[in-house]
Amino acid sequence: MTLSLFDSQSQQLRAFEPITPGCASIYVCGPTVQSAPHVGHLRSAVAFDILASWIRFGHGFGVKLVRNVTDIDDKILVNAAAQGVEWQALAVSVEGEFNSVYQSLSADADLTPHATAYIIDMIALIERLISRGHAYQAADGSANVFFDSASWADYGELTNQAIESMEGEEVASHGRRRATDFALWKAAKSDEPDTAAWQSPWGLGRPGWHIECSAMTRSVLGEHFDIHGGGLDLRFPHHENELAQSRAAGFEFANYWMHNGLVTVGGQKMSKSLGNGVSVEELFEQGSAVAVRYWLASAHYRSTLDYSPSAVAEATAAVARIQNFVKRLPEMPTAVAASDLPSAFVVAMDADLNVPAALAVLHDSVRQGNVRLDSNQDAAPEARAVAAMLRALNLNLASEVSVDADLAARVEELIARRADARANRDFELADRIRHEISQLGVTIEDTQTKTTWSLNG
RNA sequence: GGUGGAGUGGCUGAGCGGCCCAAAGCAGCAGCCUGCAAAGCUGUAAAACCACGGGUUCAAAUCCCGUCUCCACCUCCA
């Protein structure tokens with residue numbers, strides 16, 4: 001089976017053929033650590049984690065998933081100043097928030113390079129662009145350096161736009177020649193902290209947005225790598241500019257471009273400027289981390305995903321269904337391989353990561369397994385299939401909240417007393433105990449052999 | 001104005017020429033289980049006439065033309 005991916009540059013499905021056989025290099029645009037993460041960031045992280053996970057588990061390739069951290073940027077400086085903190089401190093604390101969310105969603109990258117660690121690489125790249133005639137220092141004598149968009153005939157190739165149609169009303173300024181030229185290096189400003197300025201051949205300053213990704217992909221993955229990903233809203237100008245400057249510098253750059261769809265709230269894009277972002281806290285109040293991950297994966301990665309509390313509730317129910325099947329199993333297989341995957345699942349995943357269709361196969365296996373268990377048949381084949389599919393999707397059902405030991409002991413004791421009462425057919429007492437247990441915020445479930453319990457909500 | 005994407009049952013959401021009298025999940029209904037519940041499991045209805053109007057084809061949700069509506073990018077954003 002071959003994996004076909006929708007390449008958003010050529011706008012068609014293409015068979016995935018890695019540059020190095022058996023190895024995939026993926027670069028995904030991570031956060032600019034300026035303010036707390038929101039649902040949109042999580043969707044992107046989960047989408048590309050599933051991509052990496054599928055290539056790794058489903059195809060047995062080695063995968064290097066890189067997700068950068070842009071830790072120097074206008075907004076970081078602005079927000080830090082507004083909060084009266086050092087910009088580095090803000091960047092570090094916001095990054096910490098991102099990391100903890102990524103971790104709870106099982107969406108960690110293999111490598112997370114930071115922009116500020118690659119300033120030297122960026123300066124070298126800018127010098128290279130200048131020497132090749134694709135960049136220029138500002139005519140006003142400042143340290144500003146711009147990419148010369150007119151010098152690069154392919155500018156606009158990623159988003160299929162003609163450069164003439166992009167020049168809006170904006171007047172060239174800061175020594176910039178054309179509206180479509182963009183900053184590679186920004187001169188230091190007097191109202192910005194000294195710590196946010198670096199020495200360069202053009203004077204004190206800091207990198208423009210876009211250049212960090214070109215520098216880091218080259219340093220970390222080389223001049224030619226397999227997949228570049230990110231949110232759809234990064235296609236232009238960010239990725240278009242990245243592509244232009246990298247190609248103009250003489251690099252082949254990415255073979256495939258992938259863009260995940262955006263998250264909306266009530267049909268409107270969730271964005272910082274609209275202020276309608278759903279916070280991570282708010283999201284995690286609606287369901288567990290697994291349920292949230294399931295919800296984020298429940299629509300195809302290129303579709304728009306609309307947020308609502310009930311959507312997460314549905315995901316919670318779907319996850320519970322799978323969990324209940326696993327609970328019913330005498331044993332959940334741990335050592336699974338791609339060969340345990342149902343072929344329909346493989347077909348779905350290979351078709352540009354059709355996770356919704358893959359989840360349908362997962363539920364089919366769960367239902368078939370339940371039927372077998374109901375008739376006291378061995379459900380081991382279904383168990384293996386389910387375990388393998390969960391693994392392929394990197395859905396970790398086990399990540400449950402830990403329970404206070406004292407509470408657990410009390411509940412266990414009450415359940416034992418209730419069991420005695422039921423054995424003695426003293427149902428009035430049994431019901432009183434059940435009520436008492438519910439007062440502890442715990443729901444119990446009777447099965448044929450035992451009583452299980454779980455925390456409410 | 002330019003560049004893309006979308007409109008499928010009560011809801012979410014796949015399918016993108018014949019396997020579709022349209023997957024899966026949720027909700028609904030019924031049965032099983034239970035001391036009773038809850039939970040769970042199983043099964044299952046409906047006009048889903050696949051936004052609307054034409055067309056191509058032996059065959060269309062799927063292709064073509066037109067219309068309507070919605071969304072995104074073209075400014076910082078995953």
Side-chain angles (χ1 to χ4, degrees), chain A residues 8 11 28-32 34-35 37-48 67 73-75 78 98 156 158-162 164-168 170 179-180 209 229-240 259-264 267-274 277 294-295 298-300 302-306 308 310-325 327-328 344 348 351 354-364 366-367 369-371 373-375 421-422 425-428 430-431 434 438 443-448 451-454:
Chain A
S8 42
Q11 292 174 49
V28 180
C29 279
T32 296
Q34 45 146 319
S35 57
H38 68 239
V39 180
H41 298 103
L42 308 192
R43 184 185 193 192
S44 179
V46 168
F48 289 102
R67 182 175 55 218
D73 161 86
D74 293 11
K75 287 254 175 82
V78 169
F98 272 92
L158 180 66
T159 51
N160 190 26
Q161 298 184 89
E164 309 81 58
S165 69
M166 284 188 266
E167 293 181 338
E170 195 186 347
T180 46
W209 186 39
L232 197 55
D233 51 355
L234 291 181
R235 258 178 37 137
F236 191 91
H238 185 54
H239 289 161
E240 186 73 73
H259 289 95
N260 63 274
L262 306 177
V263 180
T264 58
Q268 275 236 302
K269 178 191 170 188
M270 187 179 292
S271 81
K272 282 169 188 162
S273 47
L274 289 173
Y294 185 101
W295 168 64
S298 67
H300 183 89
R302 286 194 282 124
S303 313
T304 303
L305 180 67
D306 197 54
S308 73
S310 63
V312 182
E314 284 193 16
T316 301
V319 168
R321 185 176 162 74
I322 302 164
Q323 272 169 330
N324 281 318
F325 171 64
K327 271 195 218 166
R328 294 181 76 193
N354 191 340
V355 176
L359 288 172
V361 179
L362 174 61
H363 278 102
D364 282 338
V366 166
R367 181 169 7 83
N370 274 323
V371 168
L373 288 174
D374 281 353
S375 56
R422 292 176 74 206
R425 303 192 68 78
D426 184 351
F427 298 122
E428 199 193 330
D431 287 350
R434 178 162 65 193
S438 78
T443 300
I444 56 172
E445 294 172 22
D446 294 333
T447 68
Q448 292 196 333
T451 298
T452 61
W453 62 279
S454 58

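Just so we're clear, the structure is a prediction, and the values are computed from it rather than from any experiment. Convention: sequence-line order gives letters A, B, ...; per-chain numbering from 1.
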Any side-chain N or O of [X] below 4.0 angstrom from OP1/OP2 of [N]?
X: A:N370; N: B:rU42; result: yes
X: A:N160; N: B:rG4; result: yes
X: A:H363; N: B:rA24; result: no

Rounding to an integer number of angstrom, what distance separates [N] and [M] when you compare their [atom1] atoms?
N: B:rA48; M: B:rU42; atom1: C1'; value: 24 Å
N: B:rC21; M: B:rA59; atom1: P; value: 15 Å
N: B:rG10; M: B:rG4; atom1: P; value: 34 Å
N: B:rG28; M: B:rG2; atom1: C1'; value: 48 Å
N: B:rG54; M: B:rG13; atom1: P; value: 30 Å
N: B:rU62; M: B:rA6; atom1: P; value: 13 Å
N: B:rC49; M: B:rU8; atom1: P; value: 11 Å
N: B:rA60; M: B:rA22; atom1: C1'; value: 13 Å

Interatomic distance where [atom1] belongs to [X] and [atom2] belongs to [N] [whole Å]:
X: A:H239; N: B:rG4; atom1: NE2; atom2: C1'; result: 16 Å
X: A:H238; N: B:rA78; atom1: NE2; atom2: P; result: 9 Å
X: A:E164; N: B:rU3; atom1: CD; atom2: P; result: 12 Å
X: A:D431; N: B:rU34; atom1: CG; atom2: C1'; result: 12 Å
X: A:D74; N: B:rC76; atom1: CG; atom2: C1'; result: 9 Å
X: A:H38; N: B:rC76; atom1: NE2; atom2: C1'; result: 12 Å
X: A:I322; N: B:rG40; atom1: CD1; atom2: P; result: 13 Å
X: A:D306; N: B:rG5; atom1: CG; atom2: C1'; result: 15 Å

Legend entry - A:S375 side chain vs A:V371 backbone, donor-acceptor pair below 3.5 Å: yes

Minimal non-hydrogen separation, [X] against [Y], with atom names:
X: A:L305; Y: A:A299; answer: CD1-CB, 3.7 Å
X: A:A358; Y: A:A348; answer: N-CB, 3.7 Å
X: A:D306; Y: A:T264; answer: OD1-OG1, 2.5 Å
X: A:V361; Y: A:A344; answer: CG2-CB, 3.8 Å
X: A:S298; Y: A:P356; answer: O-CG, 3.4 Å

Need one value for [X]: base, sugar-phosphate or nothing, where a base atom within 4.0 Å counts as base even if backbone is also close, heavy atoms only.
X: A:V263; result: base
X: A:A311; result: nothing
X: A:G30; result: sugar-phosphate
X: A:R434; result: base

Inset, instruction - For a side chain to side chain contact (heavy atoms under 4.5 Å, CB included) with A:C29, tell me which candidate from A:H239, A:R67, A:H259 qualifies. - result: A:H239

Inset, instruction - Flag the pair A:R235 / A:L232 as yes when at least one side-chain heavy-atom distance between them is below 4.5 Å, and no otherwise. - result: yes

Legend entry - Side-chain touch A:V39/A:M270, heavy atoms, less than 4.5 angstrom: yes

Checking base pairs now: Watson-Crick or wobble, both atom distances under 3.5 Å. What partners [N]?
N: B:rG28; answer: B:rU44
N: B:rG18; answer: B:rC58
N: B:rA6; answer: B:rU69

Legend entry - Stepwise side-chain hydrogen bond (donor to acceptor under 3.5 Å, both in side chains) check, A:T159 with A:Q161: CA-CA 6 Å; A:T159 51; A:Q161 298 184 89; 2.8 Å; yes

Enumerate the protein-to-nucleotides 15-23 of chain B contacts in which both atoms are nitrogen or oxygen and the separation is below 3.5 Å.
from, atom 1, to, atom 2, distance (Å)
B:rG15, OP1, A:N354, ND2, 2.9

Legend entry - 5' precedence on RNA chain B between A:L234 and A:V361 (nearest-nucleotide basis): A:V361

Inset, instruction - Find which nucleotide of RNA chain B each of A:Q11 and A:G231 is nearest to by heavy atoms, and output the residue with the more 5' nucleotide. - result: A:Q11

Legend entry - Per-nucleotide protein contact string for nucleotides 68-73 of chain B, where B marks a base within reach and S marks sugar-phosphate only (heavy atoms under 4.0 Å, - for neither): ---SSS

Legend entry - Closest nucleotide among B:rC36, B:rG25, B:rG40 to the A:R328 side chain: B:rG40

Inset, instruction - May I ask you to decide if the ring planes of A:H363 and A:Y294 are parallel, tilted or perpendicular, using 30° and 60° as cut-offs? - result: perpendicular

Legend entry - Interatomic spacing from CD1 in A:I444 to CZ in A:R434 - rounded to 0.5 Å: 6.0 Å

